[in-house]
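Throughout, a chain's letter reflects where its sequence line sits, starting with A, and its residues are numbered from 1. All values derive from a computational prediction rather than experimental measurement.
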There are 2 protein chains.
Amino acid sequence: MKESSEGTQLDRIDSKILRQLQRDGRLSNSDLAKLVGVSPATCHRRTERLFREGYVRGVHADIDPKCIERGALVMVGVVLDRSTPESFAAFETAIRKLPFILDCHLVAGDFDYFLKIRVRDMADFNRLHGSQLIALPGVRQTRTFFVMKEVVDGAILDF
Amino acid sequence: MKESSEGTQLDRIDSKILRQLQRDGRLSNSDLAKLVGVSPATCHRRTERLFREGYVRGVHADIDPKCIERGALVMVGVVLDRSTPESFAAFETAIRKLPFILDCHLVAGDFDYFLKIRVRDMADFNRLHGSQLIALPGVRQTRTFFVMKEVVDGAILDF
DNA sequence: CTCTCTAATGAAAGAATCTTCCGAAGGTAC
DNA sequence: GTACCTTCGGAAGATTCTTTCATTAGAGAG
């Protein structure tokens, strides 16, 4: 065998497939095969394995937020009342149910969590902030950073 | 005509197509047509228009960062020396060239910019922080928030 | 070195899909 | 009513997908 089990290293061809699919997830298998330099059959097998083994978690269309009433981006730092595992778990369970949360990360530093939120506009955010965010379990305070300009958003991974 | 020009409103079918492609960007046209409830020909025409007119900015495979040596996520707040347009422009031009920057947003609040960065590990970040981040033009100070747990990352837009 | 075994490869072919053309249906202005 | 415009679904040739199969390359044992 080539590797132990989980950390199966990617060879040059697998890496090329991942890079191309990250760049354009709708590439046909035959086009992908040409770009990668293998036959369509081999490319098909490789790609299917990369999906099956979890290297690719999904393929998603990148919809322009402005076109679907989600033009406003907001970053929010959250501090909880208590730093107990139960408190964290309750917060995380609740926040997973909010559809406007794009990112939620537990961080080390002045905040407990960092949120990335997309809404229609500032008025929409203020409404959601008052009715949903500060109502989350255990929230002591929040600090809001309105995004005035999206310089880079969701860049692809360089590897 | 139905709408003025830019703000062309999406009808129910367009919205369904966008939602399905955001969920699974590799859906075949025939499967997509079944899910949306139109003929393959109509679905093809609609989808092609949504891409052509910019509703869909791209389709990207979501690669598991742990599989490609990008398991560490870091949020960084940046304050610049001066708040001049030239200073902002220089910073933005420089940061667009750094491949490990996933997000970079100009914000209102205690920081000028918020960054989202993916690297291999903390040691990797410390090296890049010292050699690349604080060397960016006009950077007065940075505040680093290591992500200890990714609760939600890159959720799809709910609309 | 040679043999064997395993895993991966590319050619091939039937099945499925894509892409475009065409006539029809529905709505609107006059 | 009539002409016009847009969007629709069916149809069909071109293309692609997906699997099968024989072959090749490489590792390990003797």
Task: Aromatic ring pairing B:Phe111/A:Phe145, orientation class (parallel under 30°, perpendicular over 60°, tilted between) - done: tilted
Task: cation_pi(B:Arg70, A:Phe159) dist<6.0 Å, angle<=45 - done: no
List, one per line, each side-chain donor-acceptor pair under 3.5 Å for residues 79-88 of chain B, sequence neighbours excluded.
from	atom 1	to	atom 2	distance (Å)
B:Thr84	OG1	B:Ser87	N	3.1
B:Ser87	OG	B:Arg82	O	3.1

Open item on the list: So, using ring pair (Phe, Tyr, Trp, His ring centres under 6.0 Å) as the criterion, who are the partners of A:Phe51 when residues are at least two apart?
Closed with: none
TODO: Using five pairs at either end of the helix from C:dC1-D:dG30 to C:dC30-D:dG1, determine the angle between the two local helix axes and round it to 10 degrees.
DONE: 30°
Task: B:Asp11 CG to D:dT6 P, straight-line distance once rounded to whole Å - done: 16 Å
Open item on the list: Expected output is a numbered-order residue list: members of residues 15-23 of chain B with a heavy atom under 4.0 Å from any atom of DNA chain D. What is it?
Closed with: none
TODO: Taking the side chain as every heavy atom from C-beta outward, state whether A:Ile117 and A:Leu98 have any pair of such atoms under 4.5 Å apart.
DONE: no
Open item on the list: I need a per-nucleotide contact map over nucleotides 14-20 of chain D, read 5' to 3'. Cutoff is protein heavy atoms under 4.0 Å; write B for the base, S for backbone only, - otherwise.
Closed with: --SSBB-
- [ ] Using atom CD of B:Glu48 as one end and atom C1' of C:dT19 as the other, report the distance to the nearest whole Å.
- [x] 11 Å
Open item on the list: Does C:dA8 have its OP1 or OP2 closer than 4.0 Å to a side-chain nitrogen or oxygen of A:Thr42?
Closed with: no
TODO: Evaluate the side-chain proximity of A:Glu150 to A:Leu73: yes if any heavy-atom separation is below 4.5 Å, no if none is.
DONE: yes
Task: Cluster companions of A:Ile134 among Ile, Leu, Val, Met, Phe, Trp, Tyr (side-chain spacing under 4.5 Å) - done: none
Task: N-O pairing of B:Asp121 and B:Arg127 below 4.0 Å - done: no
Task: Distance-minimising heavy-atom pair for A:Cys43 and A:Leu32 - done: SG-CG, 3.6 Å
Open item on the list: Quiz question: by atom type and distance under 3.5 Å, do the side chains of A:Gln22 and A:Arg19 form a donor-acceptor pair?
Closed with: no
